[in-house]
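Below is one structure, written out as structure tokens, with a few remarks after it.
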Amino acid sequence: MNNIRALLIVVSAVLISTFLHLHVFTLPIQGKDTWRQSKTAWNIRYFVRHDANILNPRQPYLNGEDNIVRYEFPLMQWSIAMVEKVIGEHIIVMRLMVYLISLLTLFAVFKLALTLTDKKDISAIAVWIFEFMPTFFYNSTSIMPDVLALCFGMFYVLYFFKHLKSNKRSDLFYAALFIALAGLAKLPFILLGILSFIRAVELMFKSQPNRWQEVFRYASVKAIALLPVMAWYAMVIPEWKDNNITDGFITNFVGWPLFKEFLKNQIYVNFPTEILNIPALLLFFAGVFFILKTRKVFLARPMYFFIPLLILFMYFFYILNVIREGHEYYLMPFYPILMLPIIGTVYQAWQGKMVAKIIVGMLLLAMPFVCWNQEKDYWDVKYAYFNQDFFNCREELEKIGTQDDKAVFINDESLAILPYIADKSGYIFWNNHLPVLWLKDMFNSQGARYLYSDSRIVEEQEGFSECVSEIVFECGTLKVYKLKGGEETK
């Protein structure tokens, strides 16, 4: 009976989520996190159409010497691209692949809760809770490597606790493998590896005679697994010239008054309503209370919760100067640790009186409604915080010229959104600064054939009319010009 009940809970959570995402599977990239998703989608496009070398992820801007831009190891992008090479390019392929990764994350949540509690009912409830965490729910179909990193991170925490419980070498190996994959997929998830560091320190202080052999075996497996991660980021981080996330508050600090406002927004808005939701927040605080009361996290000491949480908050404070009031996906590394006290609350409630079960049950029932109410509007184009005319005219923009035509784009700070919509690479400018001499040179020597402009400042320059032959498309504030040759310019 318990197995059937657990299966019904898991299936219900997945079916409800799938139903609520039905309109999203075929939805073009738009809404919240359009910037990040467009960059990821460009990686996939280049892997499909041109260079399938996983070491060469590319972006659409040709302003520099080449357009190879290496950040995280592009395992997700490359995998999706290989599928699209077989069945064709389509937004539904990318979104379904990401959704499959999200389902694997739910499987890891189930197995983690089962490892901690040995109860399938509680494990199924953990899946229900995690499915309706707002940021995870929204990003279940978002084309971002953070989703894959979270999946690997959750599997790492699962096998860490499995090894803590069983002491099997296979669990140690899988834990090492998944923390390495999580770090490759997205660097901040490497912070979850603090769990292994704590365990190694704990082993040092054991009184058993062979403790140093055990410490060496434990640490060496993890260290060897992390070698590819260290090698990759040692190679690519020096190339991160336009990525200010690594600077944190070291450069361009916004000042303490504004920093405090960002902190208040994250603590009072993002964490309770985006990372968690109000019902999950209540379960979380109750779980922290039980950890303090019992002085353990299931089979482990409290330090396996509090120290990782402290490290993650140090990371949060470091990047707050950059992420400011949004970018919830940067906080997804918190999820595996936040789930520990939440699972503990459900476990305590199921061991307690009926009133506790009723309260928790009511919170569980509220979660899908709270989550949907929080996230349902974020797929709207206005939450891209970008010129909406680009999205409103998407189909017409794709039909202009060919995919191989180079273009010039104005006012695209993302360096990806407008080129992705137009399905062209080219020369991208953040603002209205585009001298006519540059425009002539991009036609004559760089092969640019179209100009996508919502800038009347650029268009009203003296000599601009000599650079364009006609307006091939107009939509709201957006005009697409066909460029023409002019006097050769050095």
Task: Note, His21 side chain near Trp379 side chain (heavy atom, < 4.5 Å) - done: yes

- [ ] Take Phe110 and Leu106 through the test side-chain contact (heavy atoms from CB on, under 4.5 Å) and record every step on the way to the result.
- [x] CA-CA 6 Å; Phe110 180 89; Leu106 295 179; over 6 Å; no

Open item on the list: Under a 3.5 Å threshold, yes or no: a donor from one side chain and an acceptor from the other, between Tyr46 and Asn67?
Closed with: yes

Open item on the list: Less than 4.5 Å apart, side chain to side chain, heavy atoms only: is that true for Val147 and Ser102?
Closed with: yes

Task: Glu274-Asn270 side chain donor-acceptor pair, cut-off 3.5 Å - done: no

Open item on the list: Can you tell me which residue among Leu116, Leu114, Val109 is in a side chain to side chain contact (heavy atoms under 4.5 Å, CB included) with Leu112?
Closed with: Leu116

Task: Cation over ring face, Lys162 and Tyr174, 6.0 Å, 45° - done: no

Task: Pair Arg45 + Asp423: basic N to acidic O under 4.0 Å - done: yes

Task: Thr135 versus Glu328, side-chain donor and acceptor atoms under 3.5 Å - done: no

Open item on the list: Test your reading of the model: is there a side-chain donor-acceptor pair from Arg95 to the backbone of Val24, 3.5 Å cut-off?
Closed with: yes

Task: Between Ser166 and Asp171: side-chain donor-acceptor atoms closer than 3.5 Å - done: yes

TODO: Keeping the roles fixed (side chain from Trp78, backbone from Ile44), state whether a donor-acceptor pair exists under 3.5 Å.
DONE: no

Task: Exercise: do Tyr420 and Thr34 side chains pair donor with acceptor under 3.5 Å - done: no

- [ ] Kindly determine whether Glu214 and Arg211 satisfy salt bridge (charged side-chain N to carboxylate O under 4.0 Å, His left out), including the steps that lead there.
- [x] CA-CA 5 Å; Glu214 191 174 354; Arg211 69 180 186 276; over 6 Å; no

